Each structure stands twice: as structure tokens, then as C-alpha cells.
Amino acid sequence: MNAPVNPSKPAGKPAQASPSPASEERSLNFLEQIIEADNASGKWGSWDGSKTPRVHTRFPPEPNGYLHVGHAKSICLNSGLAKKYGGKFNLRFDDTNPAKEEQEYVDSIIRDVKWLGGDFDTGPNAGGLFYASNYFDQMYAFAVELIKKGRAYVCQLSGDEVSARRGTPTVPATSPWRDRPAEESLRLLDEMRDGKHANGAMTLRAKIDLASPNFNLRDPVMYRIVHEEHHNTGKKWCIYPMYDWAHGLEDSLEGITHSICTLEFENHRPLYDWFIDAINDGRGPDSEWGMPIHHPQQIEFAKLRPTYTVMSKRNLLKMVEEKVVSGWDDPRMPTISAMRRRGYPPEALRNFVTDVGVTKVESYIDVGRLENAARDVLNKTAPRAMAVLRPLKVTIENWPEGKVDELDFVINPEDAAAGKRKVPFSRVIYIERDDFMENPPKKFFRLAPGAEVRLRWAYFITCTGVEKDAAGNITGIRATYDPATRGGDAPVGPDGTPTKKVKGTIHWVSAEHAVAAKVRLFDRLFSAETPGERTGNYMDDLNPNSLETVDALVEPWLAQHASYDHKSLEGARFQFERLGYFCIDKDSAPGGLIFNRSVTLKDSWAKEAKPG
RNA sequence: UGGGGAUUGGUGUAACGGUAGCACGAGUGACUCUGACUCACUUAGUCUAGGUUCGAAUCCUAGAUCCCCAACCA
């Protein structure tokens, strides 16, 4: 007891960094840890003529649908890693199944990857654009090699027969063709390639282990016969490689170091390694086969799953086909093209996916975080403007008929460089219906009979009366303005202090100058956090109110700046003050403005008013 | 019932045998010409049971729960 048990800090532990600004450094995620360990050990060597360790990643989509936020995570991850470690990033189409793939998807994917900032063809980290289909000849040669090495065979079982002979976890599979002579398989494979056999007549299978508890290893199919035109190779091939056979070879041929994929491929990693090892078996300096090929490392991570949406391409395709949405780029969809159309800046998506991090834990991400990421970027960058979604007419009784005042409007309080502009003010204006209540609750800061509010950047007005139709509906209100409040500033007394204050500030547009516009208000496509969980059918959870279109009135400046860039596919983005962020839709035209609501502003009043 | 993974506040994520921290959310307050933004404070966690150890989120043992795998899809 007398002797100090542990008089000092433990050995081998670095002194603790003081909790100072230095603690801002983000800890490494598990992928970065792997890469840094590889870099330290020199596992992948370095780039020619430099000391920079080689880090080469890729994004390998199948062109069978549009990219969604989940893909955005992979794109940002892979291109971000290449950028961070001075490496290269490839875009590669895994186009090995012509039955499902189309050029339209190729085009959309290239657009989306570029828009997101995945620089595969420009800048210091550009690795290039590739197609698996460009490697078909090389893959075929590898397959021949494996047959000759006794590692593959042509199997003439039908699909049903293979299923029937698949076995169980403890009972092995069988194939009567497993031990046929290599010459026979070689001849048959050539015949398959030459189109001499029908779809499904035979396959090339790897001879691995029919008893493996991992079913992927029970002699997986390498080639199947598919008589189908390919978007890239046309009719040249009528056999196409399976994913497991093809993917590692694609990575190998491109010199990929870290082949990052999602968790469901964990069971496939032994296969990924087996094929490359099998090819390398017997290769070497004096080998007839040549030197060993590059062997990348497959690493898996958990895919991104936001709440209140579905992500599988199959489900998304169904919604497009059944016209539940207007298309892949319907702004309610979780696709990248939809989010672009909705007005989300690419930076917001990038921030979102890095903020959420990368691990092997399967989890749902609150889709609100994506919305927050959009707000964050838009708040700093979007010019402010005024628009009234549900107009209520206000007549200012003491404002002279025909008089127009031009008032200064701050374009973006978050960005002084954005400057100011003029907004016209006149006797009749529109305000938001929600901003007036005849019998307001206690904490209602807006307009009500006898109450005074500030019209943003304009004047204080006081409500003096309500106009109603025969049915008792409010059709308009009357008010007076205070000339001493021009610009929206409270009047000050001789001592410099305000002589009156108002709690509320509301937005408005001048009736005489307002421009009509359609505004699409989007809500979440599904009303359940995990669509389909309740009934098994995700369509049952569709939110019937996910789209509302209103006839709004916007200030004239907005109409003048309502541009849509057909090159970047982005519409001009704005904040409609107190409402949210909006952008010009691609369907918009000078005579028929259309805005999409990207995301609302946070609204603590709505929170308070609703649950009541 | 075979194989492969995972498990830290409401959510996401750190810790790598040595003070369980950060972000988001939520709550409260301040500020405000956007009920926004910003700022401050508060809230709340190691799946369970044993064991090793001066000390366990971390190592060991046994369980629990969840996800993936028997397409000629990727």
C-alpha cells in the first residue's frame, strides 16, 4: 500500500493532447485507418516517379437505373479517399448484364457523378472512365487459363437442376459435369461464345468447393449465355461474365488498391480472392501464363439508409413505371438527379455523407439530417426574396392611391457581398394567410385586429379591419402604415432609443407588381420511417400529400432572375423569406414560372402551434 | 439448425487496457428587421451474464438480438 501502485501515467501512452483547438481534428474512419496502415507498410508501393503511396479507388455502378443518395455516399467516399491521399479515382461501369442495362443510365450516371464532384476525368485525382465490357476479351483469356489449370468447367445443368442440386448448409451440392476433360470444356466454351447454344443451355463454372458452407463457393457460375444486344459491345458477345468472376478482374486490371463495396458482398470476398489467386497460381517469371496479376483488397462498409424513403433500384424503378412519381428525377425521389432538380447543392450532399460517417454498422439515418445539410449550404448562399404562397390582400388605407415606394432589400444577411436591391411598395399588398388571425392565441406575433407588425424592409402596419364575404370567409384586411418606420426601422426618440417595438415581422409582395408563379411544395414521399415495414408493401406507406402545388405571387425581381441552366441542370436557388429554399424547375418558362421547394426553414412556431 | 457480419445517449459517430467525447435531435434561455441564422446551458449511453486485471466499451468465456448468404442479378 505504501509503494505507489501506479505513480505515473501508463507507459507507451502518448501524453494527452490538451483539449485545445487541435482537438478539431476528426478521427480517422476505419477505411482511412486501413489505408494509412497500408501506406505505412508500403503494401501498394508508390506512384511512378514519386514517393506518394498508391491509393486507387473506383466507383463501379451497374447502368441499370439512376444513382441515389446511397451511391452518393460511395462516390464521395471513393473519390474523397483518392483526393485525401493523393491517389486516383475511376468511374467504371460494371456493364456485365445487357438484359438490364441501357445507355440512358450510363449518361445519367456520368452526369450525376460529375455533378457531385467525383472527378474521374478531370483534376489531379482523375483515374479515368472505364467499362467492364472493355475487358471481355481479357476475361475470356483468363477463363481459358482456368479451364486449362483444371479450375473451371462447363456445366450443362439447367438453372432448375442447379437449384435442385444446390444442397443445404450441411449437404453438399453436386454436378455431374465437374470432372469432364478440360478439352471438352474448352470446346464448349468456344461454342457458347460463338452463339451455338441457347440461353441457359450451359454455363462455365469455377471448380471450388461444392460442400462449402458459404454457398457462393459452391462452384459459382463464371459465364452464362445471354443472347442480347449490349449497349457498348453490341452483338459481339453472347456470353457475359457474372459479377463475382468479373469484378475482381476489373479492379485488378485497373490497378485498384482498395476495392470498397457494401456489406452484402462480405460473403463474396473469398470468391473475389479465389479467382485472382487461381489465375496467379502457377504464374511467375518463367511461367507460360506470365507474371501474376495485381490483387486488390476488397473492403466492405454499411450502405446509407435514410428514413422515410426506399433505396433499392427495383423499388424506385417500380415507382417510375407505375407513375407514382413523374420520373427518376421527380424531386421527391431519393435519386441524385431528383435532389439536383429539387435544388439541393452538391455540397450539401457531400457534407451530409461525410457528416454521417462510414462504418460497418447497419443503421438508418434520419432524413432530417439531409434536409439540415441542405439548409446549411443554402442559408449561406441563397439570395433572399419575398413570395407569398397563400395570398391575403391587405389594403393600406392611409397610403396614397397610385404611389409607389422603392425600398432597400438586403439580398443575403449571411453574405454582405451580395448587396442590396429595390422592392416596390404600394397601397395594396399581399401577405401570407397564415400571418393573419382574427382571434390569435397568446404567443401569435403576427397580424391581428389592432395588432402592429413590421413588413420586412418596408413599414410597420396596424390592422384596422377585416373584410369578409357572405359566407364569412376572410377576403382581405385593412390596415394603416406608420410613415416614421420607412425601411422597417423602428422610430427613435430624441434619446436615440426606439419609441416603439414590434415583435413580428412578416413578408409581403406589392399587388400591382407581383408576378404569378406555380410553387410545388414537396413533403416526404412516404409517411413511414421504414416504408413497407407495416404491411410488407412499401407502396402502402406512400404519403398522399407529398406534393402540393400552389398559385403563389412573387416579387418581380424573382421573375427577372428565374434562370435555369440547361448545362448544369440547375435552376436558380433562392430563399423565400420565412418560408424556405426554392429553386427554378426545368419546366419553368418566362410566362409560367415554376418553383420547387427544396426544403422549408425550421419553424419553431409551427411546432408550438400544432401540438397545442 | 451451416457460414459471414454487427451491437456505445432518441439518432449517427469517437475511444484501440487508463477521465466515455463529438455531432444531430430534443428542452431551456439570449439575440434578432426571417418564430430563420447565431450563441449559451441542459438532457441522455457502453446488449446480457460471468471471468482476467490495480483498472475493461476495449481482452477471455457463454448467451441475446439484428443484418446478409442456397439468381445463369449486381
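Sequence lines set the chain letters: A, B, ... in the order given, protein chains first and strands last, and positions in each chain run from 1. These figures come from a predicted structure and were not determined experimentally.
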Give one of base, sugar-phosphate or nothing for [X], where a contact means two heavy atoms less than 4.0 Å apart.
| X | answer |
| --- | --- |
| A:Tyr223 | nothing |
| A:Arg218 | nothing |
| A:Leu601 | base |
| A:Gly504 | nothing |

Closest nucleotide of RNA chain B for A:Val361 versus for A:Thr168: which of these residues is on the 5' side? A:Val361
Residue mapping more 5' on RNA chain B - nearest nucleotide basis, A:Arg486 or A:Gly368: A:Gly368
Do any N or O atoms from the side chain of [X] and from the backbone of [Y] form a donor-acceptor pair under 3.5 angstrom?
| X | Y | result |
| --- | --- | --- |
| A:Thr485 | A:Gly488 | no |
| A:Arg384 | A:Phe576 | no |
| A:Ser175 | A:Trp177 | yes |
| A:Asp219 | A:Ile208 | yes |
| A:Arg305 | A:Ile365 | no |

Nearest whole Å is fine: how far is [N] [atom2] from [X] [atom1]?
| X | N | atom1 | atom2 | value |
| --- | --- | --- | --- | --- |
| A:Asp95 | B:C73 | CG | P | 15 Å |
| A:Asp435 | B:U34 | CG | C1' | 11 Å |
| A:Leu28 | B:U13 | CG | P | 16 Å |
| A:Tyr105 | B:C73 | OH | C1' | 15 Å |
| A:Tyr581 | B:U34 | OH | P | 13 Å |
| A:Asn412 | B:U38 | CG | P | 13 Å |
| A:Arg92 | B:A74 | CZ | P | 13 Å |
| A:Asn267 | B:G4 | CG | C1' | 4 Å |

I'd like to check, for A:Phe215, whether its ring lies over the base of B:G3 with centroids under 5.5 Å apart and a plane angle smaller than 30°. no
Selected nucleotide, minimal atom distance to [X] side chain, candidates [options]:
| X | options | value |
| --- | --- | --- |
| A:Glu414 | B:A36, B:A14, B:C69 | B:A36 |
| A:Pro413 | B:G5, B:U34, B:G12 | B:U34 |
| A:Pro213 | B:A14, B:G2, B:A74 | B:G2 |
| A:Phe445 | B:C73, B:G35, B:G3 | B:G35 |
| A:Gln575 | B:U34, B:C72, B:G5 | B:U34 |

[atom1] gap between [N] and [M], integer Å:
| N | M | atom1 | answer |
| --- | --- | --- | --- |
| B:G2 | B:G10 | C1' | 37 Å |
| B:C22 | B:G45 | P | 15 Å |
| B:A30 | B:U65 | C1' | 45 Å |
| B:C41 | B:G51 | C1' | 42 Å |
| B:U53 | B:U46 | P | 25 Å |
| B:U28 | B:A44 | P | 16 Å |
| B:C47 | B:A57 | P | 10 Å |
| B:G17 | B:U11 | P | 28 Å |

Thinking salt bridges, do [X] and [Y] make one under a 4.0 Å N-O criterion?
| X | Y | value |
| --- | --- | --- |
| A:Asp415 | A:Lys380 | no |
| A:Arg578 | A:Asp603 | no |
| A:Glu300 | A:Lys360 | yes |
| A:Glu362 | A:Lys303 | no |
| A:Lys313 | A:Glu62 | no |
| A:Arg390 | A:Glu432 | no |
| A:Asp434 | A:Arg446 | no |

Record whether the side chain of A:Arg369 comes under 3.5 Å of the base of B:G25 through a donor-acceptor pair of N or O atoms. no
Hey, does the side-chain of A:Glu264 have a donor or acceptor N/O within less than 3.5 Å of a partner on the base of B:C69? no
In RNA chain B, stems of three or more consecutive pairs, Watson-Crick or G-U, each with both distances under 3.5 Å, turn out to be B:2-7 with B:64-69, B:10-13 with B:21-24, B:25-30 with B:38-43, B:47-51 with B:59-63
[N] phosphate, OP1 or OP2, under 4.0 Å from [X] side-chain N/O:
| X | N | answer |
| --- | --- | --- |
| A:Asn372 | B:G25 | yes |
| A:Arg166 | B:C72 | yes |
| A:Arg224 | B:C73 | yes |
| A:Ser604 | B:A36 | yes |
| A:Thr505 | B:U34 | no |
| A:Gln33 | B:A15 | yes |
| A:Lys607 | B:G27 | yes |
| A:Lys303 | B:C67 | no |
| A:Arg578 | B:G35 | yes |
| A:Thr170 | B:U1 | no |

Specify the residues of residues 200-212 of chain A, ordered by number, for which at least one heavy atom lies under 4.0 angstrom from an atom of RNA chain B. A:Gly200, A:Thr203
Answer yes or no on whether A:Arg524 is positioned over the face of A:Tyr308, meaning its NZ or CZ is under 6.0 Å from the six-membered ring centre and within 45° of the axis. yes
Can you tell me whether the base of B:A57 sits syn or anti, using the 90° cut around 0 to define syn? anti
Should the heavy atoms of other residues, nucleotides or ligands under 6.0 Å from CD of A:Glu533 be counted, would the total exceed 12? no
Write out a two-atom table: protein N or O, nucleotide N or O from nucleotides 30-32 of chain B, distance below 3.5 Å.
none

Only one of A:Lys422, A:Arg421, A:Lys420 passes side-chain hydrogen bond (donor to acceptor under 3.5 Å, both in side chains) with A:Asp408, and that residue is A:Lys422
With A:Trp508 as reference, evaluate A:Tyr459, A:Tyr481, A:Phe425, A:Tyr430 under the ring pair (Phe, Tyr, Trp, His ring centres under 6.0 Å) test and give the passing residue. A:Phe425
